[in-house]
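Below is one structure, written out as structure tokens, with a few remarks after it.
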Amino acid sequence: MQYWINQDGVQAGPMTIDEMKSMSITSDAYVWREGLNDWVKITELDELVGEIDFVATDQPNVEPLIEEEPIAEGEPVAEGEPVAEGEPVAEGEPLAEGEPVAEGIPAIPPIEQQPAPMQQPIHPQMAMTREQQPKCPPTNLVWAILATVLCCIPTGIVAIIYANKVTSRYQAGDYEGAARASETGAWWCIGSIIAGIISSPFISVIKMLASA
Amino acid sequence: MSRRRIAIAILIMAVALGAGAIYFLFDPNESGFFPRCVFLTLTGWKCPGCGTQRAAHALLHGDVMGAMRYNAFLLIALAMVALCAWGEWKRTTNTRLYLAISSKWVVGGFLAMVLAWWVLRNVMDW
């Protein structure tokens with residue numbers, strides 16, 4: 001298996017795992033091989049974990065240069081060559097992303113597709129609004145209707161009423177009340193279905209005895 | 001989460017297929033082992049779901065009019081169930097759709113229809 005590696009904006013490859021072992025690779029390097037859609041952090045590729053001893057990064061907080069200087073799409077970079085501005089591609093012949101390039105070397109995914117090394121922190125205000133509007137609790141309406149129509153016990157109607165309460169309370173902003181109504185409605189559904197299943201044979205027997 | 005959803009979907013489909021097979025093969029009018037309506041037996045009045053089993057048998061044999069005769073409400077209820085199941089499937093990803101489907105107008109309207117159907121079928125002997 002051939003690997004391409006990109007650390008601190010310098011791209012190298014193809015190389016084997018054994019060749020990578022002899023290099024000094026930091027744990028924030030990116031790696032790509034055939035079969036991967038995109039560059040992945042070298043620490044996240046299972047087959048390499050435990051194989052390579054990473055060198056400690058001397059500048060842990062510096063963003064990788066690769067973020068800033070995208071190379072031309074799909075163009076293979078020569079070994080060890082620093083990522084310069086991409087060689088100009090002939091006009092009218094744009095290389096499709098990920099398209100295999102001649103000479104059997106797989107196209108290297110464009111650098112700009114590289115996942116951001118750091119998750120963008122969620123703005124505290126956004127987190128607040130998300131928390132303030134929780135997901136609507138289940139209304140159990142499907143089960144309520146099925147219990148009403150199939151179980152021969154009209155208590156399913158109570159479950160429908162509770163389903164109605166869930167949404168009206170949710171829309172009024174009473175999330176706790178909606179959750180409570182959801183739970184109560186669920187119990188009415190379960191109760192109706194169980195009561196319907198259990199009582200039917202008894203009723204049949206009683207009816208038979210009565211008519212006999 | 002998605003694995004759980006798939007498991008639930010498969011379970012529901014399996015139960016539906018099994019029940020469908022039973023109601024296709026056996027006619028509740030002739031076989032004695034189908035459950036009887038509790039409400040009808042106890043009170044003498046039909047419940048909103050009375051006739052569902054016979055209607056399901058008719059429906060599975062392509063007899064829509066027969067199904068309507070046994071329980072005219074069943075088709076409406078099935079349509080409602082399908083709509084709600086779709087909404088339920090989308091609940092976490094499309095809350096707006098879910099709220100629209102289970103809004104108080106839709107649910108309240110359906111509830112009113114159930115109650116009206118319940119009264120009318122006993123009064124009119126449907």
Side-chain angles (χ1 to χ4, degrees), chain A residues 130 133-173 175 178 181-182 185-186 188-189 192-211, chain B residues 12 19 32-43 45-53 55-56 71 73-89 91-115 117-118:
Chain A
R130 224 179 273 167
Q133 186 147 35
K135 296 263 186 252
C136 182
T139 57
N140 313 300
L141 196 52
V142 177
W143 305 111
I145 295 169
L146 287 177
T148 308
V149 179
L150 301 182
C151 288
C152 301
I153 288 188
T155 48
I157 286 174
V158 182
I160 299 180
I161 294 169
Y162 272 102
N164 200 351
K165 274 189 192 172
V166 173
T167 39
S168 52
R169 281 179 183 175
Y170 179 80
Q171 277 167 332
Y175 302 123
S182 170
W188 276 100
C189 290
S192 307
I193 290 168
I194 290 176
I197 291 170
I198 289 177
S199 60
S200 295
F202 281 110
I203 293 296
S204 300
V205 171
I206 290 168
K207 180 120 194 201
M208 267 200 286
L209 290 177
S211 62
Chain B
I12 290 172
F33 63 84
F34 284 95
R36 211 168 271 281
C37 180
V38 177
F39 187 76
L40 177 67
T41 313
L42 289 179
T43 63
W45 291 319
K46 288 178 183 171
C47 85
C50 277
T52 299
Q53 298 181 98
N71 189 331
F73 194 68
L74 181 66
L75 286 176
I76 300 169
L78 281 180
M80 186 69 183
V81 164
L83 188 69
C84 292
W86 181 49
E88 188 68 41
W89 186 255
R91 179 167 66 91
T92 46
T93 50
N94 194 342
T95 307
R96 197 185 258 182
L97 174 81
Y98 187 67
L99 286 175
I101 287 176
S102 43
S103 72
K104 64 178 172 186
W105 301 111
V106 178
V107 179
F110 184 77
L111 184 64
M113 280 164 72
V114 172
L115 294 174
W117 162 244
W118 192 4

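Here is how names work: the chains are called A, B, and so on, in the same order as the sequence lines, proteins then strands, and each is numbered from 1. Note that the coordinates shown come from a computational prediction; the quantities given were computed from them, not determined experimentally.
Both the backbone and the side chain of Val81(B) come within contact range of chain A, judged by heavy atoms closer than 4.5 Å. Heavy-atom distances place no part of Leu78(B) under 4.5 Å from chain A, backbone and side chain included. Neither the backbone nor the side chain of Leu83(B) comes within contact range of chain A, judged by heavy atoms closer than 4.5 Å.
Residues Thr155(A) and Ser192(A) have side chains that bring a donor and an acceptor to within less than 3.5 angstrom of each other. Judged purely by distance below 3.5 Å, without hydrogens or angles, the side chains of Thr139(A) and Tyr98(B) pair a donor atom with an acceptor atom.
Without hydrogens or angle criteria, Thr148(A) side chain to Ala144(A) main chain gives a donor-acceptor distance under 3.5 Å.
Between chain B and the options Pro138(A), Ser168(A), Gly156(A), the largest number of non-hydrogen pairs under 4.5 Å is found for Pro138(A). Of the residues considered (Ile161(A), Asn140(A), Val142(A)), Val142(A) shows the highest number of contacts with chain B, using heavy-atom pairs under 4.5 Å. Among Thr167(A), Asn164(A), Val166(A), the residue making the largest number of heavy-atom pairs under 4.5 Å with chain B is Asn164(A). With chain A as partner, the option from Pro48(B), Ser102(B), Gly108(B) having the largest number of non-hydrogen pairs under 4.5 angstrom is Ser102(B).
Taking the six-membered ring where the residue is Trp, Trp45(B) and Phe39(B) present tilted rings, their angle falling between 30° and 60°.
Note on residues 74-88 of chain B: pairs passing salt bridge (charged side-chain N to carboxylate O under 4.0 Å, His left out), not counting sequence neighbours, are Glu88(B)-Arg91(B).
For Asn71(B), the side-chain hydrogen bond (donor to acceptor under 3.5 Å, both in side chains) test picks out Thr52(B), with sequence neighbours left out.
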